[in-house]
Number of protein chains: 2
Amino acid sequence: MRTRSSRGALGKRLSSSDRATIHDVARRAGVSIATASRALSGRRRVTPDVADRVQRAAEELDYRPNTVAQALRGQSTRIVGMVVPGIGDPFFTQIVEAVEHDLAGSGRELLLCDSRHDPAIEARRVRALLERQVDGLVITPCDATASVPAVREAARSVPTVQMDRYVEGDVTDWVGVDDESGVNQAVAHLADRGARRVAFVGGAPAGSTARVRLEAFERAVAARPGVTVAARALGDFSVEHGRRAARELHASGDLPDAILCGNDQIAVGLLRELRAAGVRVPADVSVAGFDDIGYAALTDPPLTTVRQPVPQLATEAVRLLTAPPAPARPPCRIAVSPTLVIRASTSP
Amino acid sequence: MRTRSSRGALGKRLSSSDRATIHDVARRAGVSIATASRALSGRRRVTPDVADRVQRAAEELDYRPNTVAQALRGQSTRIVGMVVPGIGDPFFTQIVEAVEHDLAGSGRELLLCDSRHDPAIEARRVRALLERQVDGLVITPCDATASVPAVREAARSVPTVQMDRYVEGDVTDWVGVDDESGVNQAVAHLADRGARRVAFVGGAPAGSTARVRLEAFERAVAARPGVTVAARALGDFSVEHGRRAARELHASGDLPDAILCGNDQIAVGLLRELRAAGVRVPADVSVAGFDDIGYAALTDPPLTTVRQPVPQLATEAVRLLTAPPAPARPPCRIAVSPTLVIRASTSP
DNA sequence: TTGAAAGCGCTAACAC
DNA sequence: GTGTTAGCGCTTTCAA
């Protein structure tokens with residue numbers, strides 16, 4: 001009468017959540033729990049007759065393995081943790097969706113955390129995930145420097161891959177797009193359409209993508225004779241920042257020929273505000289974004305943008321998480337090439 | 001030499017993920033593991049001096065409790081499972097974000113699953129969550145009838161709350177908005193603005209919200225003399241469905257005065273396509289949505305819509321999950337009143 | 001092939 | 001107030 005279930009067998013079942021354990025299955029099948037375990041897992045040969053009996057007993061009792069116990073015993077939870085700066089950002093949403101899908105395909109689950117763009121919260125969430133013995137961690141560190149300790153700590157105890165953004169130093173594997181290439185394609189496109197004075201509205205360079213895209217922008221413009229930087233507006237990767245930048249640009253009375261945005265959220269806000277101000281896109285000014293979130297095709301005019309191959313990024317990340325932990329293998333960086341999607345916001 | 005950590009103490013530490021256990025802390029502090037546990041948890045009085053020593057030992061060893069072991073022992077994982085039809089849908093994204101936030105506030109984590117609008121996948125995900133001994137489950141069942149078994153199974157073994165959609169029968173608690181009220185407000189508003197012929201573009205009534213909103217629409221129109229149903233287009237809650245409906249409506253050459261959409265995604269697609277076809281909103285036709293997702297304020301024209309108080313819904317859901325399991329308390333239904341947000345898509 | 005038993009890391013009786 | 005000990009449910013030696 002040791003287990004909760006045998007209490008149930010006495011007719012004193014306290015609640016329906018009193019589930020059958022492997023003990024119950026073994027008893028019912030008339031074998032030891034070891035044999036029951038072997039039969040159920042199929043990882044070891046068992047007499048066919050015995051296997052059948054165990055199988056049937058399990059079904060009759062509606063047996064469900066307790067994965068918590070399996071995890072404690074087997075040192076693997078089959079849970080992967082994920083920390084993103086903001087679940088609500090459509091780009092991160094896409095990534096979360098893709099990672100969850102890939103994990104589900106291999107019987108793993110996703111423990112999702114939102115750091116709310118705050119390194120302190122992020123550090124706490126990472127710690128909580130580690131205490132939960134996650135098998136791996138996917139993180140988009142919100143700050144290139146302030147997030148270093150959290151990422152380091154994660155990497156010390158569990159396979160960790162940074163996605164999209166990364167922290168300073170070669171701390172862990174990283175998967176993302178080649179921002180330089182993406183920005184280059186966008187600037188080349190804008191220049192080809194005749195833009196001479198190009199503005200950049202992006203994120204403040206606390207996160208790596210914000211910085212890298214800005215720098216790539218500067219280089220891309222500098223590399224093109226006749227093209228100059230009309231303005232830079234740095235804030236966060238939000239719709240609101242886009243709106244603000246649009247108002248300022250418009251108020252300055254000196255619109256550039258084209259505006260490249262650090263991400264689509266910014267571009268969406270910018271487009272909205274430009275329209276409200278009566279500025280015509282692309283006639284008066286061309287606008288391009290970065291990410292290709294779902295809504296990019298729905299703005300008016302539809303947004304030209306640099307598409308991130310999200311499913312591929314997710315697959316690479318999950319693959320790295322599972323990769324054989326080659327002893328002291330140096331961190332790798334996988335930069336997938338993005339493609340420019342040309343829509344009406346940059347062409348008549 | 002029983003624990004992995006004592007292996008480490010022998011200098012044979014195999015990997016840095018060889019974490020200190022409570023045994024190590026106890027040994028270092030010179031107390032028993034029970035005392036260490038008590039000191040660390042603070043749930044029982046301990047001599048101040050001893051408490052200090054344990055605390056220090058824990059810090060020095062960088063001790064982290066193993067929550068898997070705590071869960072196995074304590075019958076609580078502090079993990080809540082969540083299953084939604086589609087992570088990518090902005091409305092569900094908002095809900096996930098809000099639930100995650102509320103859970104984090106009470107030291108719990110969110111195990112997120114996407115059923116991809118498929119009852120079979122949904123059932124598998126629910127089962128996986130139950131095997132993981134989640135403390136509770138929040139689910140938006142994709143189908144009012146096909147999802148019944150999965151929801152029932154969940155409810156049998158763990159506190160479960162349905163959010164937004166629900167299945168037939170009083171199976172579990174439910175939290176959502178009062179769809180009837182929301183649709184009524186929208187129809188009243190459209191009628192007030194002079195609409196006589198009103199169309200409905202919504203979801204096929206497999207999910208509960210789709211059905212309820214459609215029925216509420218029929219009733220609301222019927223209750224208003226002079227107002228009639230111009231058309232019904234039922235599909236899924238997607239942008240694409242909205243686009244398709246707009247094309248059909250336009251091709252029919254007989255536009256209604258106003259269109260109420262089953263959700264904002266549909267409305268966004270509809271607005272896009274109407275604009276492409278040269279139909280003016282709201283001059284030629286008014287359009288209203290449901291949910292008030294972030295982009296509703298960013299469409300052109302901005303979308304009038306029924307706002308769901310997402311943070312409140314999430315808070316209620318989390319509260320119900322934690323509510324004392326009054327024995328055989330009948331399931332409750334919490335229907336929060338939504339508010340109509342009037343924007344330019346229905347008024348000049 | 002099968003069973004007995006150890007033990008994953010932790011908490012809570014139960015003694016002292 | 002502190003230590004000893006019995007498990008939580010499972011998998012995997014190690015013997016038989």
Side-chain angles (χ1 to χ4, degrees), chain A residues 1-8 17-27 29-54 58 61 63-78 130-133 135 157, chain B residues 1-8 14 17-27 29-54 57-58 61 63-78 130-133 135 157:
Chain A
M1 214 172 334
R2 293 167 22 247
T3 68
R4 290 159 71 225
S5 312
S6 46
R7 219 195 306 114
S17 68
D18 227 346
R19 297 246 282 267
T21 75
I22 202 167
H23 280 90
D24 305 313
V25 174
R27 182 150 20 94
V31 297
S32 71
I33 59 165
T35 301
S37 171
R38 292 192 269 252
L40 257 12
S41 74
R43 302 158 67 107
R44 252 185 140 74
R45 291 208 59 75
V46 164
T47 313
D49 168 53
V50 172
D52 271 7
R53 265 164 37 222
V54 172
L61 293 173
Y63 169 71
R64 298 281 222 313
N66 180 328
T67 55
V68 173
Q70 286 178 324
L72 181 59
R73 173 64 228 235
Q75 318 283 358
S76 161
T77 52
R78 299 196 71 74
L130 295 181
E131 290 179 355
R132 288 199 181 280
Q133 314 292 122
D135 284 355
S157 47
Chain B
M1 210 178 339
R2 290 168 24 247
T3 69
R4 290 160 71 226
S5 312
S6 46
R7 217 197 304 116
L14 292 182
S17 67
D18 228 344
R19 297 245 281 265
T21 75
I22 201 166
H23 280 92
D24 304 314
V25 175
R27 182 151 19 95
V31 298
S32 73
I33 57 167
T35 301
S37 172
R38 294 192 269 253
L40 257 10
S41 75
R43 303 160 67 106
R44 252 184 138 73
R45 292 209 58 77
V46 164
T47 313
D49 167 53
V50 172
D52 273 6
R53 270 173 22 229
V54 172
L61 292 173
Y63 168 72
R64 298 281 218 315
N66 180 330
T67 55
V68 172
Q70 288 177 322
L72 181 59
R73 173 64 230 235
Q75 317 283 2
S76 161
T77 52
R78 301 196 71 74
L130 295 181
E131 289 179 357
R132 289 201 180 280
Q133 314 291 122
D135 284 356
S157 47

Quick one: [X] [atom1] to [N] [atom2], roughly how many Å, whole number?
{"X": "R78(A)", "N": "dC10(D)", "atom1": "CZ", "atom2": "P", "answer": "17 Å"}
{"X": "Y63(A)", "N": "dG9(D)", "atom1": "OH", "atom2": "C1'", "answer": "7 Å"}
{"X": "R53(A)", "N": "dT1(C)", "atom1": "CZ", "atom2": "C1'", "answer": "13 Å"}
{"X": "D49(B)", "N": "dG1(D)", "atom1": "CG", "atom2": "P", "answer": "14 Å"}
{"X": "H23(B)", "N": "dT5(D)", "atom1": "NE2", "atom2": "P", "answer": "12 Å"}
{"X": "R27(A)", "N": "dT2(C)", "atom1": "CZ", "atom2": "P", "answer": "19 Å"}
{"X": "R132(A)", "N": "dC8(C)", "atom1": "CZ", "atom2": "P", "answer": "22 Å"}

Any chance you could measure [X], atom [atom1], to [Y], atom [atom2], to the nearest 0.5 Å?
{"X": "Q70(B)", "Y": "S37(B)", "atom1": "CD", "atom2": "OG", "result": "8.5 Å"}
{"X": "R73(B)", "Y": "N66(B)", "atom1": "CZ", "atom2": "CG", "result": "14.5 Å"}
{"X": "Q75(A)", "Y": "Q133(A)", "atom1": "CD", "atom2": "CD", "result": "8.0 Å"}
{"X": "H23(A)", "Y": "L61(A)", "atom1": "NE2", "atom2": "CG", "result": "13.5 Å"}

Under 4.0 Å from any atom of DNA chain C, heavy atoms only: list the residues of residues 32-44 of chain A that qualify, in numerical order.
-> S32(A), A34(A), T35(A), R38(A)

Over all atoms of both residues, closest heavy-atom pair of A26(A) and A36(A) =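 Where A26(A) meets A36(A) most closely, the heavy atoms are CB-CB, 3.9 Å.
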
Between [X] (side chain) and [Y] (backbone), is there a donor-acceptor pair under 3.5 Å?
{"X": "T77(B)", "Y": "A71(B)", "answer": "no"}
{"X": "T47(A)", "Y": "V50(A)", "answer": "no"}
{"X": "D52(A)", "Y": "D49(A)", "answer": "no"}

Heavy-atom distance under 4.5 Å between the side chains of R78(A) and T67(A), does that happen here?
->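 Not touching, per the 4.5 Å side-chain cut-off.
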
Between T21(B) and dC8(C), is there a side-chain N or O to OP1/OP2 distance below 4.0 Å?
->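 T21(B) to dC8(C) OP1/OP2: no side-chain N or O under 4.0 Å.
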
Strand-adjacent residues in residues 66-74 of chain B, judged by heavy atoms under 4.0 Å from DNA chain D = L72(B), R73(B)

Proximity to the side chain of R45(A) - top-ranked nucleotide from dT1(C), dT2(C), dC10(D) = dT1(C)

